[in-house]
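In what follows, every chain begins at residue 1, and chains take the letters A, B, ... in the order their sequences are listed. The basis for the numbers below is simple: all heavy atoms, side chains too, and nothing from hydrogens, waters or symmetry mates.
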Amino acid sequence: MRVLCCLDGTNVEQVNKATEMLSTSQPLTIGLIYVTDTGPRHDIEHLRERFLRPPGPPPPREEEMRQAEKASAQDILDEGLHHFPGAEALQRQGRPEREIVNTAAEWQADLVVICSRAEYGGRHAIGPKSVGHVARFVVDHAPCPVLLVRPLAREQFPISR
Amino acid sequence: MFQYFPIPELTRTLLTSLVGVLTLIGIMTRPFRWNEAKIAIGGAGVLLLLGLISPADAFSTLVRDWNTFLFFLGMMALSALAEAAGLFDWLAVQAARLAGKSAARLFLNVFLLGSLISMILSNDATALILTPIVYVLVTKLRLPVLPYLFACTFIADTASFLLPVSNPINIIIISRFPLDLWTFVRLLFLPSLVVIGINIGVFFLLYRKQLKGTFDIGRLPSAEQAVKHQAYFRYTCCVVALVALAYVIASAIQLPLSLVALSGAVLLLIGALFWKQTSLRQTAKRISWSIFGFIAGMFIVVRAIEDTGLTSMFGNWLIHLSGGTSFGAVMVGTAGAALGTNLINNVPMAVVMISALGGIQHASLAIQHGFIAATIFGCDLGPNLTTVGSLATVLWLLILRQRDVDVSGLDYFKVGVLVTPLMLLAGALTIWLLL
């Protein structure tokens with residue numbers, strides 16, 4: 001069974017626990033994907049246009065941005081490989097939601113494991129908007145079953161009936 | 001052409017208005033991705049060719065605004081040379097170190113650093129130099145990128161009327177309507193602090209969930225890594241501090257600020273050449289020369305329209321709308337400048353506004369100051385409504401969205417629509433109270 005795990009820099013332990021729960025007779029082939037979002041870079045381009053500047057920051061700065069993205073992505077994937085020894089690391093760039101579903105198709109994933117949204121600390125609130133736009137898109141467009149991993153939130157129950 | 005073949009005044013007015021309107025529409029929509037400078041120069045060229053403005057008038061218009069051109073040159077060179085020294089990188093690393101490990105404190109420090117840079121080196125430096133640096137920093141720290149990026153781009157404009165040099169738009173306006181430093185600070189410094197406070201408060205509320213975490217200080221580059229050459233870096237710090245002081249003194253005694261900016265840039269250039277940190281060619285490459293064409297074109301086009309009396313009619317209409325009260329002047333001035341700056345770029349809007357407000361001399365001092373301060377405020381803060389560009393850009397992004405192309409630029413628009421009207425209202429009310 002080929003399982004594509006989506007990393008976001010905050011969720012490797014959650015994803016690890018979820019895959020451990022998958023009791024299957026078949027061996028798991030794990031793929032770890034991390035997508036560097038190119039949206040912010042485009043925003044910086046638009047900003048330069050507004051200030052009537054030619055597109056793209058000066059070459060040394062551009063290179064520095066690329067290096068930082070690459071190093072951060074590698075760091076996240078290395079952390080993933082530490083939890084999933086022998087997994088295949090897939091580093092992508094683009095719009096995360098689209099890269100994930102396209103990679104799932106290309107890599108012939110049988111299951112995509114994704115967390116509801118990146119968690120940067122604080123309480124995991126349940127309710128509307130608790131599933132981010134990337135996870136929502138993947139659930140809507142994935143070429144295979146999707147395991148949506150939500151954080152434990154038992155302490156927030158019962159909710160009003 | 002029509003200088004040699006006299007034409008009726010009405011035809012001349014209609015032709016001039018047509019060229020002016022087409023130029024503004026061109027700047028708004030940028031057909032075939034033409035550069036704005038080409039469109040503005042094209043408009044000015046057509047007016048000159050048709051004889052709708054004489055070469056002598058066009059020349060005198062450009063000469064009259066020498067302070068604006070030289071300020072743009074000095075400001076861009078100063079920022080580029082300070083960047084070459086690693087000043088901005090060093091400041092960003094210090095901001096991160098001072099944050100401890102807290103993502104929220106780093107967010108606050110980005111706002112404070114952005115305000116400081118905008119205040120001394122203008123909003124261009126914050127938006128165009130600090131933003132990519134902060135992007136690199138938060139990417140390395142594995143923090144959510146967007147809140148910090150939004151913080152940089154918004155604070156660039158929000159903090160751009162702390163001092164006359166904080167935004168080149170201020171120079172365009174006060175070159176025509178001189179405000180002494182005390183009046184400028186009295187009318188705009190406190191409103192600036194108010195809107196900066198609102199900006200920070202609303203952003204903390206919007207991004208509270210993403211800012212709860214901490215970061216690993218070990219991922220932070222050392223301050224030494226940011227500095228490219230120790231001696232040039234120290235020299236740059238001293239020159240920038242001197243320039244900041246000189247700006248305040250020059251504003252106080254009403255000396256042209258462009259001379260301070262240019263002198264600072266020349267001092268930095270001498271240092272950079274001495275320590276071999278950059279070359280003249282590299283520095284020249286970092287300056288956007290097309291901006292000068294854009295401003296020159298706009299000055300000529302608006303001057304031609306001014307001669308037809310249309311801009312003074314617009315000015316009279318604004319005064320009429322204000323109801324002859326200082327409250328009306330501030331509100332109408334702010335709303336007009338902010339809306340206009342989102343329709344066209346803020347540079348042409350500022351040029352149109354100074355032309356329109358040519359007839360306010362007969363109004364009371366409070367109304368005059370109200371209009372001038374509101375124009376500066378609206379033209380400076382207005383772009384935050386559509387941070388990634390003018391309304392035309394946003395409409396284009398909306399069209400892309402309809403075609404199922406997801407564009408994060410729309411996120412800017414959503415935040416801008418939420419926070420900017422609030423800041424405009426609060427700032428305008430504060431200006432009115434201080435009149």
Shortest non-hydrogen contact from Arg142(B) toward Gly9(A):
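Closest approach of Arg142(B) to Gly9(A): NH2-O, 3.1 Å.
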
What closest approach, in Å, do Ile291(B) and Phe51(A) show between heavy atoms, and which atom pair accounts for it?
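Taking every non-hydrogen atom into account, CD1-O, 3.9 Å.
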
May I ask you to decide if Thr139(B)'s main-chain N or O and Ser72(A)'s side chain share a donor-acceptor pair within less than 3.5 Å?
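Pair found, side chain donor or acceptor close to backbone of Thr139(B).
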
Keeping Arg53(A) on the side-chain end and Leu128(B) on the backbone end, is there a donor-acceptor pair under 3.5 Å?
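Judged by distance alone, no pair lies under 3.5 Å.
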
Hey, mind stepping through Glu64(A) and Tyr135(B) against side-chain hydrogen bond (donor to acceptor under 3.5 Å, both in side chains) and telling me if it holds?
CA-CA 10 Å; Glu64(A) 201 187 338; Tyr135(B) 175 78; over 6 Å; no

So which of Pro58(A), Pro57(A), Pro60(A) has the biggest tally of heavy-atom pairs under 4.5 Å with chain B?
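With the most close heavy-atom pairs to chain B, the winner is Pro58(A).
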
Given the options Arg61(A), Met65(A), Arg41(A), which has more heavy-atom pairs under 4.5 Å with chain B than any of the others?
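Greatest number of close heavy-atom pairs with chain B: Arg61(A).
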
Best-contacting candidate, Ser288(B), Pro144(B), Pro132(B), Ala127(B), against chain A by heavy atom pairs under 4.5 angstrom
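Most pairs with chain A among the choices: Pro144(B).
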
Please rank Asn35(B), Thr214(B), Leu149(B), Asn346(B) by heavy-atom pairs under 4.5 Å with chain A and give me the top one.
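Heavy-atom pair counts peak at Leu149(B).
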
Side chain, backbone, both or neither of [X] within contact of chain A (heavy atoms, under 4.5 Å):
X: Asp89(B); value: side chain
X: Gln210(B); value: both
X: Arg30(B); value: side chain
X: Leu211(B); value: neither

Is it the case that over 12 heavy atoms from other parts of the model lie below 6.0 angstrom from the [atom1] atom of [X]?
X: Gln108(A); atom1: CD; value: no
X: Glu106(A); atom1: CD; value: yes
X: Lys228(B); atom1: NZ; value: yes

Check each atom of Leu52(A) against the heavy atoms of chain B and say whether the ones under 4.5 Å are side chain, backbone, both or neither.
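For Leu52(A), heavy atoms of backbone and side chain both lie under 4.5 Å from chain B.
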
Is it the side chain or the backbone of Asp37(A) that comes within 4.5 Å of chain B heavy atoms, both, or neither?
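Interface part for Asp37(A): backbone (N, CA, C, O).
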
Leu47(A) side, atom CG; Asp124(B) side, atom CG - distance, nearest 0.5 Å:
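Answer rounded to 0.5 Å: 9.5 Å.
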
Between atom CZ of Arg117(A) and atom NZ of Lys209(B), what is the distance when rounded to the nearest 0.5 Å?
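Answer rounded to 0.5 Å: 6.5 Å.
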
Given side chains that start at C-beta, do those of Asp43(A) and Leu146(B) come closer than 4.5 Å, heavy atoms only?
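Side-chain contact under 4.5 Å: yes.
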
